[in-house]
Amino acid sequence: MDSSATFSFDTPGDAERAAELRRVKALATLVLASTLALFVLAKWLLPVHPVFGFIAAFAEAATIGGLADWYAVVALFKRPLGLPIPHTAIIQSNQARIADKLGEFIQVHFLEAGPVEAKLKEIDFGSFVADWLRDRKRSDDLARFALRLLPEAVSATESSGLMTFIIRRMSSQLQAIDLAPLAAGTLRGFVAEGRHQILFDDLLRVMHETLNQTETMAMIREKVRAELPTLLKLYRADKFLVNKILASATAFFNEVRSDPKHPFRGEFDRMVLGFVDRLGTDQAYIDRIDGLKRDLLARPELADLARTVWANTRSFIERSASGETQVLQHHLAGMFVSAGEALASDAELRGEINKGLVTVLRSFVADQKSGVSTFISDQVKAWNMTQLISLIEINIGRDLQYIRFNGSLIGGLAGLVLYTVESLLRLL
């Protein structure tokens, strides 16, 4: 058995306790020597008066009781007088068994699911995390720590092939997305919220402005002039027709824009909803959108853009980790503080965190308690027993020495009683 492990027991008060132990030991030894001397003196004076017989009986029994208890106390820690007496040096001889039983005791009585769960439930993990995160200095320290790890994480991601796997996985996931129903659902929500009418108003405004531009009016006039008979051209009927067309169109656009319930708006609604329905069900639309998606994902520009974004992100992270820029650190610290404040104000979330951690830690302790028992047992087996015995003696040796006082007193009283009984029997 390896007992070479050493450790320090130099705790506050050890020097005083050691001095008190030496004093009590000396006093107990003095009591033993005194009872022995009293026994010899009483035996010598016995012919002088019978009362010395009672004193001798008391002293004799007190001496025997003191010696017996001295032997018992010494045998607990070492071999009395260095003799190889069986069943002595009990702690040293049973170090391995004590270690195993101590580990077993802690496993059975301290690491059982019930007591562990009850103790864990007393701890408010959620409040602790919230208070920790709300401390700005701690959040700054956490942000700096996270930033120091990020460059290594990025390098590991690139060198391990994880990035290639992620890109391929993202590409396959994007390829698997059916965009037609997604687009149809998005547009249907867009229409249900009336946002398409805003777009419709914008279209009407653009059409009105375009029709009233000089270039547009000139182009329309040329078209009309080209279709008119020669006679009407002489009377400049083209200008009249263009003005009438533009006036009618402008009046119509203004009427539609100013009337939210105009029938033309209803026609626009039906047109948009019809397009949405076809977009989600018409196979031609579905195939066309799917083809556009494949073409977009296959574009080399998209891969170049992804590489550029990744390179810029990596450069920004490296500059943040080196302290060249504090932007990311400030954002991270602010995010941690905000998370702490949100957690502090959300009792339900804290309760969920506490329940989750209790469940996780309870399971962890249940899975590891046998390992804890083995660890404690191995540690105790590796202790230097000389140091351990010194520790025990310093802390409880004083009380053990009082056993010697009690042994002398109880032994002496027992001897006195027995001698008294014997004397009374002789008188009968």
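FYI, side chains are in, hydrogens and waters are out, and symmetry mates aren't considered; it's all heavy atoms of this structure. Please read all numbers here as calculations on a predicted model, not as lab measurements.
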- prompt: Is any side-chain heavy atom of Val421 closer than 4.5 Å to a side-chain heavy atom of Leu424?
  reply: no
task: Please assess Ser315 against Arg319 for the test side chain to side chain contact (heavy atoms under 4.5 Å, CB included), listing each intermediate value before the final yes or no.
output: CA-CA 6 Å; Ser315 175; Arg319 287 187 292 111; 3.8 Å; yes
- prompt: Are the side chains of Leu343 and Arg134 in touch, meaning some heavy atoms are under 4.5 Å apart?
  reply: no
query: When rounded to the nearest 0.5 angstrom, what distance separates CG in Leu41 from OG in Ser34?
result: 11.5 Å
- request: Would you confirm whether Thr35, through its side chain, and Val31, through its main-chain N or O, come within 3.5 Å as a donor-acceptor pair?
  value: yes
- prompt: Which value, rounded to the nearest 0.5 Å, describes the distance between Asp367 atom CG and Phe364 atom CZ?
  reply: 8.5 Å
- prompt: Do Phe125 and Phe128 have ring centroids that are under 6.0 Å from one another?
  reply: no
task: Mind telling me whether Tyr402 and Phe405 have parallel, tilted or perpendicular rings, with 30° and 60° as the class edges?
output: tilted
task: Compare all side-chain heavy atoms of Leu32 with those of Thr63 and state whether any distance is below 4.5 angstrom.
output: yes
- prompt: Got a sec, which residues hit side-chain hydrogen bond (donor to acceptor under 3.5 Å, both in side chains) with Arg148, two or more places apart in sequence or on another chain?
  reply: none
statement: Closest non-hydrogen contact found for Gln329 with Ala143 is O-CB, 3.7 Å
statement: When every non-hydrogen atom of Leu328 is compared with those of Ser320, the smallest separation belongs to CB-OG, 3.4 Å
- prompt: Closest approach of Ile55 and Ala42, non-hydrogen atoms and distance?
  reply: CG2-CB, 3.9 Å
statement: Those residues at least two apart in sequence (or on a different chain) that pass side-chain hydrogen bond (donor to acceptor under 3.5 Å, both in side chains) with Arg22 are none
field: Pairing residues for Lys355 by the side-chain hydrogen bond (donor to acceptor under 3.5 Å, both in side chains) criterion, not counting sequence neighbours
entry: none
- request: Write down the atom of Leu416, the atom of Phe54, and the distance for their closest heavy-atom approach.
  value: CD1-O, 3.6 Å
field: Distance (rounded to the nearest 0.5 Å) between Leu349 CG and Glu352 CD
entry: 7.5 Å
task: Find the distance between CG (Leu400) and CD1 (Ile403) and round it off to the nearest 0.5 Å.
output: 5.0 Å
message: Do Arg398 and Gln401 pair up side chain to side chain, a donor and an acceptor below 3.5 Å, judged on atom types alone?
response: no
- prompt: So, do Pro115 and Lys119 sit near enough that their side-chain heavy atoms are less than 4.5 Å apart?
  reply: no
field: Verdict with reasoning, Leu332 to Leu147, per side chain to side chain contact (heavy atoms under 4.5 Å, CB included)
entry: CA-CA 9 Å; Leu332 280 177; Leu147 283 177; 3.9 Å; yes
- request: Go through the steps to decide whether Arg23 and Glu20 satisfy the test salt bridge (Lys or Arg N to Asp or Glu O under 4.0 Å), and finish with yes or no.
  value: CA-CA 5 Å; Arg23 188 186 69 81; Glu20 178 65 14; 2.7 Å; yes
message: More than 12 heavy atoms of other residues, nucleotides or ligands under 6.0 Å from CH2 of Trp44: yes or no?
response: no
query: Going by heavy atoms in the side chains, are Asp135 and Asp131 under 4.5 Å from each other?
result: no
- request: List the atom of Gly126, the atom of Arg350, and the distance in Å for their closest heavy-atom pair.
  value: C-CD, 3.8 Å
query: Under 6.0 Å from the CZ atom of Phe316, do we count more than 12 heavy atoms belonging to anything else shown?
result: yes
message: Measuring from atom CD of Glu117 to atom OG1 of Thr359, what distance do you get when rounded to the nearest 0.5 angstrom?
response: 7.5 Å
Euclidean distance, His330 NE2 relative to Asp140 CG, rounded to 0.5 Å: 7.5 Å
- prompt: Which atoms form the tightest heavy-atom contact between Ser139 and Ala333, and what is the distance?
  reply: CB-O, 3.8 Å
